[in-house]
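What follows is a single structure, written as structure tokens, with notes after it.
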Amino acid sequence: MGEEIIIPAQRVLSGNATADDQLDLFGGPKIVTDAIEEKETKSGTILTIADTKSSYIFVDTSSGRKELLNKLINQKSVCFDTETTDLDGVHAEIVGMSFSFEKNSGYFVSTPPESRKEIVQEFKSFFENEAIEKVAHNIKYDLKIIEKYGVKVKGQLFDTMIAHYLITPEGKHNMDYLSELYLNYRPVSIETLIGKKGKTQGSMADLDPKDISDYACEDADITFQLKQKFAPEIEKEHLKKLFYEIEMPLVSVLQDMETEGINLDVEALKKYSVELETDIVELEKQVKEMAGVQDFNLDSPKQLGEVLFDHLKIDAKAKKTKTGQYSTSEDTLTKLEANNPIVRLILNYRSLRKLKSTYVDSLPDLVNKKTGRVHTSYMQTIAATGRLSSNNPNLQNIPIRTEKGREIRKAFIKRNNDYCILSADYSQIELRVIAAVSNDENMIEAFRSGHDIHAATAAKVFHVDKIENVTKDQRSAAKAVNFGIIYGQSAFGLSQNLGISRTEAKEIIDSYWLQYPKIKQYLSDSVQFAREHGYVETIMKRRRYLPDIQSANAIVRGFAERNAVNAPIQGSAADIVKIAMIHVHDEMKKQNVKSKMLLQVHDELVFDVLLSEKEIMTKIVKDKMENAVSIGVPLVIDYNFGDNWLEAH
DNA sequence: AACATCACG
DNA sequence: ACGTACGTGATGTTT
């Protein structure tokens with residue numbers, strides 16, 4: 001470890017708050033520093049750190065490994081890290097493992113290509129020991145790597161990245177950043193070893209293991225030191241259960257889902273791509289003819305805006321984006337459809353282009369060569385509300401709303417002819433949550449009676465005698481209000497959404513408050529709670545800090561107030577789905593089924609179900625999802641089987 | 001890297 | 001008078 005590090009003068013995190021500002025607000029975690037001297041200079045703050053005398057040991061002999069193993073199995077808790085050839089868990093090969101169980105100390109076990117599996121197996125008695133807590137930063141990745149070599153990691157998990165996410169949900173969580181923030185130490189960067197990221201970046205595989213050792217040991221050591229900082233924070237009453245009973249068990253569930261992947265009908269997509277391309281070419285031709293301009297890029301919002309508003313002048317007072325260029329968003333163009341038939345064509349072109357480039361042409365490239373399936377990654381530390389996010393590829397935004405989009409969903413198919421796809425989704429989970437937490441008798445009763453909630457709301461708001469007599473327009477207006485409430489929408493927003501006047505919108509909202517008075521009360525209570533405490537929380541006590549709630553700027557404050565309303569609702573729903581996933585996964589294991597959980601899409605779970613297990617899986621999924629928590633409002637799921645995701649949904 | 005757009009819940 | 005519905009990720013363009 002070095003003795004001097006420099007923290008840049010302008011260490012900007014998000015917005016213009018420094019790390020220290022961000023964390024000090026409303027009693028967030030304080031930075032604890034081991035530095036003995038701080039010196040301000042033009043280039044930044046120089047921290048002189050006490051000599052750490054770190055002892056990092058390179059292990060590459062059989063006897064060395066045995067000695068280390070003996071030490072490991074006598075610990076209650078061990079931090080570890082794996083070094084690999086690739087960031088992609090499926091393709092990555094292990095290069096080495098590092099361990100640490102005391103500050104400033106670490107061991108690196110080299111795993112040369114010819115004996116990777118054997119060496120990992122030597123540590124089986126450690127990894128599979130239930131009594132030893134396993135600590136790592138982004139532990140899902142390390143679990144995947146270790147298990148690839150036939151060793152199942154057991155015992156309590158502690159992920160320092162997720163721990164920090166619960167402590168500071170909107171912060172950054174990468175190790176280098178956390179090390180600087182909490183330990184005042186800037187780690188040796190991976191770029192020092194293998195070069196800057198990009199085409200020229202090398203691989204861990206090409207390095208002398210001895211050169212990886214210090215870097216790897218340092219990561220395990222830092223993980224150890226971060227755990228010492230975070231564990232006491234997690235011990236606090238509000239985070240303990242969330243961390244140990246929800247987020248940590250969920251890691252293993254997600255690991256299984258990611259490893260499993262889903263079958264994709266590549267042939268169907270290739271065929272569909274050709275079909276879309278024909279339509280796209282034709283639309284582009286028509287648009288350019290109609291515009292009377294040939295040499296512009298239809299994919300450039302800037303150039304398209306100039307054609308539409310300068311050349312064709314389809315709107316005298318064209319809307320601009322914040323950077324001053326013409327807005328050509330779907331929202332803007334839809335309102336101008338009547339002005340010129342070219343608008344419809346452009347919107348069609350746009351939607352097809354989106355489907356083709358984002359899904360039809362990209363998904364086939366993401367089929368894993370080894371498994372023949374598509375493996376997404378679920379990120380557990382991104383969404384400030386507690387939701388998961390999905391990437392590489394994102395399988396939480398596969399089209400469903402349009403006819404042409406649904407063709408893509410059809411390409412997500414059952415594993416083989418012995419299986420079918422099961423999709424189960426919560427009915428109106430966010431509205432049920434708001435009914436429960438606000439304790440509004442009228443809305444609770446509407447859910448208990450099992451009526452269509454939007455129709456029931458319409459009957460109340462528009463004073464219709466029977467739910468059956470509610471018109472389509474009344475129902476969709478009520479639906480819009482029900483949704484708008486969750487997001488803190490205003491009368492203006494509702495009027496825009498429904499294409500009605502602001503006065504009409506306000507009347508509907510006023511009537512809504514009369515029908516559901518406790519919901520109105522709950523929303524203002526949420527904002528008040530945020531003002532007093534600086535955060536809001538979910539049913540599982542997951543917090544979201546809202547420092548802007550105190551802002552003098554009405555716009556900024558408005559955002560925070562809407563977050564104060566939305567975060568507990570969206571976040572509580574996320575808590576419930578996470579609990580359901582853990583329970584379903586546990587029960588599937590207990591019943592020893594062959595069926596697999598594949599995807600989570602916020603309020604929906606998707607499974608590959610062995611045909612002979614349809615009955616038992618229906619029972620497990622319905623029971624565990626509907627009874628995940630008891631909130632005083634029934635939770636209901638809808639479910640379906642099919643050969644593909646579209647049929648099942 | 002930032003912006004605009006649009007796919008989902 | 002202000003702006004106006006929450007949460008994400010991927011793509012193509014522009015700087």
Side-chain angles (χ1 to χ4, degrees), chain A residues 169-170 296-305 319-334 346-347 349-363 365-366 376-379 381-402 404-406 408-409 425-426 428-430 434 480-498 502 505 536 544 546 552-571 573-574 577 599-605 645 649:
Chain A
E170 276 162 290
F296 76 102
N297 185 347
L298 190 44
D299 293 330
S300 159
K302 188 165 176 277
Q303 294 177 40
L304 174 63
K319 205 175 123 189
K320 299 272 183 75
T321 68
K322 61 177 175 181
T323 53
Q325 61 174 266
Y326 294 119
S327 166
T328 66
S329 68
E330 186 180 357
D331 214 41
T332 309
L333 293 186
T334 305
I346 292 167
L347 288 169
Y349 170 88
R350 280 256 183 88
S351 71
L352 298 192
R353 208 55 168 60
K354 181 80 167 189
L355 295 179
K356 186 165 184 284
S357 68
T358 308
Y359 306 101
V360 179
D361 290 345
S362 306
L363 286 170
D365 293 341
L366 291 158
T376 185
S377 295
Y378 288 102
M379 310 295 289
T381 60
I382 301 291
T385 54
R387 273 188 174 184
L388 297 178
S389 85
S390 153
N391 65 20
N392 292 312
N394 182 354
L395 296 187
Q396 291 182 323
N397 72 347
I398 299 303
I400 191 162
R401 293 173 188 172
T402 66
K404 295 234 156 89
R406 281 194 279 273
I408 295 160
R409 196 166 277 237
D425 67 292
Y426 280 104
Q428 304 298 342
I429 189 168
E430 293 192 347
I434 202 171
V481 186
N482 275 333
F483 273 106
I485 294 307
I486 295 166
Y487 304 138
Q489 191 182 41
S490 64
F492 176 86
L494 183 65
S495 71
Q496 288 288 298
N497 190 349
L498 290 176
R502 222 160 133 171
V536 287
R544 180 166 185 184
L546 298 168
N553 180 327
I555 298 161
V556 172
R557 202 173 57 243
F559 269 101
E561 287 171 359
R562 292 196 294 276
N563 280 329
V565 168
N566 176 259
I569 307 302
Q570 189 180 118
V577 178
L599 305 175
Q600 189 252 42
V601 190
H602 309 307
D603 64 355
E604 174 191 12
L605 299 178
W645 192 4
H649 190 84

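Throughout, a chain's letter reflects where its sequence line sits, starting with A, and its residues are numbered from 1. Not measured: the values here are computed from a predicted model. For the numbers below, each heavy atom of this structure counts, side chains included, while hydrogens, waters and symmetry mates do not.
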Problem - Per A:Asn391 side chain, nearest of listed nucleotides C:dA5, B:dC8, C:dA10 - result: C:dA10
Exercise for the section: Please determine if a side-chain N or O atom of A:Gln396 lies less than 4.0 Å away from the OP1 or OP2 oxygen of C:dG7. Expected result: no
Exercise for the section: Could you tell me the separation between the CD1 atom of A:Ile434 and the CD atom of A:Gln428, rounded to the nearest 0.5 Å? Expected result: 12.0 Å
Exercise for the section: Would you mind reading off the distance between A:Asp603 atom CG and C:dG7 atom P, rounded to a whole angstrom? Expected result: 17 Å
Fill in the blank from the handout: The reported gap from CD1 in A:Ile486 to CG in A:Asn566 (rounded to nearest 0.5 angstrom) is 8.0 Å
Handout entry: Option from A:Asp299, A:Leu298, A:Leu304, A:Leu355 for which side chain to side chain contact (heavy atoms under 4.5 Å, CB included) with A:Arg350 holds
Key = A:Leu304
Fill in the blank from the handout: Closest of B:dT5, B:dG9, C:dG7 to the A:Ala383 side chain is C:dG7
Exercise for the section: Check whether any side-chain nitrogen or oxygen of A:Asn563 sits under 4.0 Å from OP1 or OP2 of C:dG7, and answer yes or no. Expected result: yes
Problem - Residue-phosphate contact under 4.0 Å: A:Thr358 side-chain N/O, C:dT11 OP1/OP2 - result: no
Practice task
Would you mind classifying the nucleic acid contact of A:Asn394 as base, sugar-phosphate or nothing, using non-hydrogen atoms under 4.0 angstrom?
Solution key: sugar-phosphate
Practice task
Could you work out which one of C:dT13, B:dT5, C:dT4 sits closest to the side chain of A:Lys354?
Solution key: B:dT5
Exercise for the section: For A:Ile555, answer base if it contacts any base atom (sugar-phosphate contacts may also be present), sugar-phosphate if it contacts only those atoms, and nothing otherwise; contact means non-hydrogen atoms under 4.0 Å. Expected result: sugar-phosphate
Practice task
Take atom NE2 of A:His602 and atom P of C:dT8, then tell me their distance rounded to the nearest Å.
Solution key: 10 Å
Problem - Same-atom distance (P) from B:dT5 to C:dT4, integer angstrom - result: 15 Å
Practice task
Measure from the side-chain heavy atoms of A:Gln303 and tell me the nearest of C:dG12, C:dT14, C:dC6.
Solution key: C:dT14
Handout entry: Pairwise 5' ranking along DNA chain C for A:Asn392 and A:Thr385, keeping only the more 5' one
Key = A:Thr385
Exercise for the section: Drop me the distance from A:Ser377's OG to A:Asn392's CG, to the nearest 0.5 angstrom. Expected result: 5.5 Å
Exercise for the section: In sequence, state the C-alpha distance, the side-chain angles, and the governing distance for A:Arg409 and A:His649, and then conclude on side chain to side chain contact (heavy atoms under 4.5 Å, CB included). Expected result: CA-CA 10 Å; A:Arg409 196 166 277 237; A:His649 190 84; 3.9 Å; yes
Problem - For atom CG of A:Leu546 and atom P of C:dG7, their distance in whole Å - result: 10 Å
Practice task
Please check the phosphate of C:dT4 (OP1 and OP2 only) for any side-chain N or O of A:Arg562 closer than 4.0 Å.
Solution key: no
Exercise for the section: Can you measure from CZ (A:Arg502) to OG (A:Ser490) and round to the nearest 0.5 angstrom? Expected result: 7.0 Å
Handout entry: Sugar-phosphate, base or nothing in reach of A:Phe559, heavy atoms under 4.0 Å
Key = sugar-phosphate
Exercise for the section: Check whether any side-chain nitrogen or oxygen of A:Arg544 sits under 4.0 Å from OP1 or OP2 of C:dG7, and answer yes or no. Expected result: yes
Exercise for the section: May I ask you to evaluate whether A:Thr321 reaches the phosphate of B:dC3, defined as a side-chain N or O under 4.0 Å from OP1 or OP2? Expected result: no
Exercise for the section: Please state how far atom CD in A:Gln325 lies from atom P in C:dT15, giving the value in whole angstrom units. Expected result: 9 Å
Problem - Residue A:Ile400, side-chain heavy atoms: nucleotide from B:dT5, C:dG12, B:dG9 that is nearest - result: B:dG9
Exercise for the section: List the atom of A:His602, the atom of A:Val577, and the distance in Å for their closest heavy-atom pair. Expected result: O-CG2, 3.1 Å
Exercise for the section: Tell me whether the OP1 or OP2 atom of B:dA4 has a side-chain N or O from A:Thr323 closer than 4.0 Å. Expected result: yes
Exercise for the section: Check whether any side-chain heavy atom of A:Glu430 sits under 4.5 Å from a side-chain heavy atom of A:Phe483, and report yes or no. Expected result: no
Exercise for the section: Could you check which of B:dA7, C:dA5, C:dG7 has an atom nearest any side-chain atom of A:Arg387? Expected result: C:dG7
Practice task
May I ask you to say what A:Glu330 touches in the nucleic acid, namely base, sugar-phosphate or nothing, with a heavy-atom cut-off under 4.0 Å?
Solution key: sugar-phosphate
Handout entry: Side chain of A:Leu355 (C-beta onward), nearest among C:dT11, B:dC8, B:dA7
Key = B:dA7
Practice task
Pick base, sugar-phosphate or nothing for A:Ala573, based on heavy-atom distances below 4.0 Å to the nucleic acid.
Solution key: nothing
Exercise for the section: Check whether any side-chain N or O of A:Ser351 sits under 4.0 Å from OP1 or OP2 of B:dA7, and answer yes or no. Expected result: no
Completion exercise
Here the distance between atom C1' of C:dA10 and atom CE of A:Met379, to the nearest Å, is 15 Å
Practice task
Answer with yes or no whether A:Ser490 presents, from its side chain, a donor or acceptor under 3.5 Å of a partner atom in the base of C:dT4.
Solution key: yes
Exercise for the section: Return the nucleotide paired to C:dA1: Watson-Crick means purine N1 to pyrimidine N3 with N6-O4 or O6-N4, wobble means G-U with N1-O2 and O6-N3, both under 3.5 Å. Expected result: none
Problem - Length of the line joining A:Leu363:CG and C:dT11:P, which is rounded to integer Å - result: 9 Å
Problem - Whole angstrom value for the distance that separates C1' of C:dA10 from CD1 of A:Ile382 - result: 15 Å
Completion exercise
Separation of C:dT8 atom C1' from A:Ile398 atom CD1, nearest Å, is 13 Å
Handout entry: Distance below 4.0 Å between A:Asn297 side-chain N/O and C:dT13 OP1 or OP2
Key = yes
Exercise for the section: Would you classify A:Arg401 as touching base, sugar-phosphate or nothing, given that sugar-phosphate means primed atoms plus P, OP1 and OP2, and contacts are heavy atoms under 4.0 Å? Expected result: base
